[in-house]
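Proteins come first, then strands; the chains are lettered A, B, ... in the order of their sequence lines, and each starts at number 1. Just so you know, these numbers come straight off a predicted model, no measurement behind them.
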2 protein chains.
Amino acid sequence: MTAPRRRGRPGHDQDAVLTAAVRLFNEQGYDATSMFEIAESLGITKSSVYHHISGKEQLLQMAMDRALDGLFEAAEDVRELDLPAIERLERLIRSSVLVLAERFEFVTVLLRVRGNTEVEQHALTRRREFDAVVTELVKQAQAEGDVRPDVDPATAARLLLGMVNSLTEWYRPRPGGAEAIADAVISIAFEGLRM
Amino acid sequence: MTAPRRRGRPGHDQDAVLTAAVRLFNEQGYDATSMFEIAESLGITKSSVYHHISGKEQLLQMAMDRALDGLFEAAEDVRELDLPAIERLERLIRSSVLVLAERFEFVTVLLRVRGNTEVEQHALTRRREFDAVVTELVKQAQAEGDVRPDVDPATAARLLLGMVNSLTEWYRPRPGGAEAIADAVISIAFEGLRM
DNA sequence: TTGATAACCGACCGATCGTTCGGTAGATAT
DNA sequence: ATATCTACCGAACGATCGGTCGGTTATCAA
């Protein structure tokens, strides 16, 4: 397991910049984080940061892509399964929790953008596509008689994802912690809190 | 129903500035909204805005206070009831949905602050106090045998509030719409999605 | 030793931001 | 008429921001 031994002067690479930036974005918000602070946290100057990236917005773009790619991979995995819709729904919700835990800081960045720029708009569009996948699963499960018919599928999907996405507000990554949270989410969402 | 007829030159008041500001905060984010834009949306100049308020942060403060006051009023109302904990929990969750719908734009502002300044820190502290109230209700309901014992009360409280708070991401105020959403939240959270 | 490569730096620029200040405009009350 | 009150404006400020540019430094391969 030796280091890959890159050419040229050793130092930080693009991924290091992204990691540092994302951490600050989540601590202070994207707008409130300056390129100077990103550079400072890496021990280099502002202009050195621009050697690794093209601009601040690219950092946002890369962070959101890593989050969205993980979520869509999970959706794709579930789509190939030959199972009742409610089972696929349950697995997708579970996977979403695990992806959120695994790519915690990237997902957190994603869930805070407001569509201010074109880059953010595009991310919001992809988010809505993911929402639609979940909504469709709820609808199917309802048609199959496994989900109570008195709730609107779109509303249920949004509330389910609201529960999952709220993890970014309070979950702190710990080994094995994600599975316990996923269990709680599935338990409450599908069986309810009441005994 | 005549206008209150104030003294002096007619025009906007502090509440008008707050309303305009909060709308922009929610569309673009607090940091991304300039005092110029707030003034522009009111048809006055930037310096005129400062006649009504002391600064940008005061607008944030006022918005968050309106949201938090509503939530704590709901918590207080529930506290006085002589009912099983699960009933009080259910009513508090329902009230939270209604407060969120009623003071939608203020709550939305509140739920997006990251604790960057002292004002924001103080709001986060009050939010955590509200969370603790919900957690305590879950714990009591569990002790009374009405909530499944296999979920951690703090986790359950956070997931419940996560569901409720997610409304700011997709709910659009409509007359009578809040009650339907509240029903869906209560239904899923307490009885579960599965039939 | 030399050339290529990759990381870094200091100085600077134009734009935007929140805020201040001194003064003006329009309404009501006396 | 006049005093009072409220709302408004133009001009300017210091600070901060994202980004650019030309040049320097450290490592590896030949």
Side-chain angles (χ1 to χ4, degrees), chain A residues 2-25 27-64 109 113-114 116-120, chain B residues 2-25 27-64 109 113-114 116-120:
Chain A
T2 66
R5 276 305 209 167
R6 278 177 305 158
R7 296 268 301 263
R9 178 176 174 177
H12 300 100
D13 58 358
Q14 193 179 72
D15 217 76
V17 175
L18 177 60
T19 302
V22 164
R23 215 188 73 240
L24 288 169
F25 290 166
E27 281 174 15
Q28 316 176 344
Y30 174 76
D31 287 307
T33 300
S34 67
M35 295 301 284
F36 173 79
E37 288 171 312
I38 296 172
E40 191 184 30
S41 82
L42 288 165
I44 60 180
T45 64
K46 211 174 39 154
S47 51
S48 298
V49 171
Y50 281 90
H51 173 70
H52 300 285
I53 54 144
S54 66
K56 193 183 180 185
E57 200 167 28
Q58 193 199 346
L59 291 169
L60 186 64
Q61 168 99 270
M62 289 192 297
M64 296 190 300
V109 168
V113 307
R114 304 264 66 91
N116 238 344
T117 66
E118 280 189 26
V119 171
E120 297 185 15
Chain B
T2 66
R5 278 305 210 162
R6 276 177 306 158
R7 292 272 301 267
R9 178 177 175 176
H12 299 100
D13 59 357
Q14 193 179 72
D15 217 75
V17 174
L18 177 60
T19 302
V22 164
R23 215 186 74 241
L24 288 168
F25 290 167
E27 281 173 14
Q28 315 175 341
Y30 174 76
D31 286 306
T33 300
S34 66
M35 295 301 284
F36 173 80
E37 290 171 310
I38 296 172
E40 191 184 30
S41 81
L42 288 167
I44 59 179
T45 64
K46 221 175 24 160
S47 53
S48 297
V49 172
Y50 280 90
H51 173 70
H52 300 286
I53 54 144
S54 69
K56 192 182 179 185
E57 200 167 28
Q58 194 200 345
L59 292 169
L60 186 64
Q61 169 99 272
M62 288 191 298
M64 296 190 301
V109 168
V113 307
R114 305 263 65 93
N116 238 344
T117 65
E118 278 188 26
V119 171
E120 297 186 13

Which protein N or O atoms sit under 3.5 Å from an N or O of nucleotides 6-13 of chain D?
{"unit_1": "D:dT6", "atom_1": "O2", "unit_2": "B:Arg9", "atom_2": "N", "d": "3.3"}
{"unit_1": "D:dA7", "atom_1": "OP1", "unit_2": "B:Arg6", "atom_2": "NH1", "d": "3.0"}
{"unit_1": "D:dA7", "atom_1": "OP1", "unit_2": "B:His12", "atom_2": "O", "d": "3.3"}
{"unit_1": "D:dA7", "atom_1": "OP2", "unit_2": "B:His51", "atom_2": "NE2", "d": "3.2"}
{"unit_1": "D:dA7", "atom_1": "O4'", "unit_2": "B:Arg9", "atom_2": "O", "d": "3.4"}
{"unit_1": "D:dA7", "atom_1": "N3", "unit_2": "B:Arg9", "atom_2": "NH1", "d": "3.3"}
{"unit_1": "D:dC8", "atom_1": "OP1", "unit_2": "B:His12", "atom_2": "N", "d": "3.4"}
{"unit_1": "D:dC8", "atom_1": "OP1", "unit_2": "B:His12", "atom_2": "ND1", "d": "3.2"}
{"unit_1": "D:dC8", "atom_1": "OP2", "unit_2": "B:His52", "atom_2": "NE2", "d": "2.8"}
{"unit_1": "D:dC9", "atom_1": "OP2", "unit_2": "B:Thr45", "atom_2": "N", "d": "2.7"}
{"unit_1": "D:dC9", "atom_1": "OP2", "unit_2": "B:Ser48", "atom_2": "OG", "d": "3.2"}
{"unit_1": "D:dG10", "atom_1": "N7", "unit_2": "B:Ser47", "atom_2": "OG", "d": "3.4"}
{"unit_1": "D:dG10", "atom_1": "O6", "unit_2": "B:Ser47", "atom_2": "OG", "d": "2.6"}

Point to revise | Counterpart residues, side-chain hydrogen bond (donor to acceptor under 3.5 Å, both in side chains), relative to A:Thr117 (two or more places apart) | key: A:Glu57
Point to revise | Between D:dC17 (P) and A:Lys56 (NZ): distance, integer Å | key: 9 Å
**Study point:** Flag, side chain of B:Ser48 to backbone of B:Ile44, donor-acceptor distance under 3.5 Å
**Key:** no
Check your understanding: Between atom CG in A:Leu42 and atom P in C:dC9, what is the gap in whole Å?
Key -> 10 Å
Practice item. For A:Glu40 and C:dC8, give me the distance from atom CD to atom P, rounded to whole Å. Key: 15 Å
Review point. Okay, side chain of A:Lys46, backbone of A:Ile38: is any donor-acceptor separation there less than 3.5 Å?
Key: no
Review point. Any ring pair (Phe, Tyr, Trp, His ring centres under 6.0 Å) pairs touching residues 30-61 of chain A, not counting sequence neighbours?
Key: A:Phe25-A:Tyr30
Practice item. Under 4.0 Å from any atom of DNA chain D, heavy atoms only: list the residues of residues 28-36 of chain B that qualify, in numerical order. Key: none
Point to revise | Any residue meeting side-chain hydrogen bond (donor to acceptor under 3.5 Å, both in side chains) with B:Gln58, in chain and number order, not counting sequence neighbours | key: B:Ser54
Check your understanding: So, B:Asn116 side chain and A:Gln28 main chain: donor-acceptor pair closer than 3.5 Å or not?
Key -> yes
**Study point:** Non-neighbouring partners of A:Ser34 that pass side-chain hydrogen bond (donor to acceptor under 3.5 Å, both in side chains), sequence neighbours left out
**Key:** A:Glu37
Point to revise | Trace of the side chain to side chain contact (heavy atoms under 4.5 Å, CB included) decision for A:Met62 with A:Ile53 | key: CA-CA 10 Å; A:Met62 289 192 297; A:Ile53 54 144; 4.2 Å; yes
Check your understanding: What's the CG-C1' distance between A:Leu60 and D:dG18, to the nearest Å?
Key -> 14 Å
Check your understanding: How long is the line joining CD1 of A:Ile53 and P of C:dC8, in whole Å?
Key -> 13 Å
Practice item. Quickly work out the A:Tyr50 OH to D:dG23 P distance and round it to whole Å. Key: 22 Å
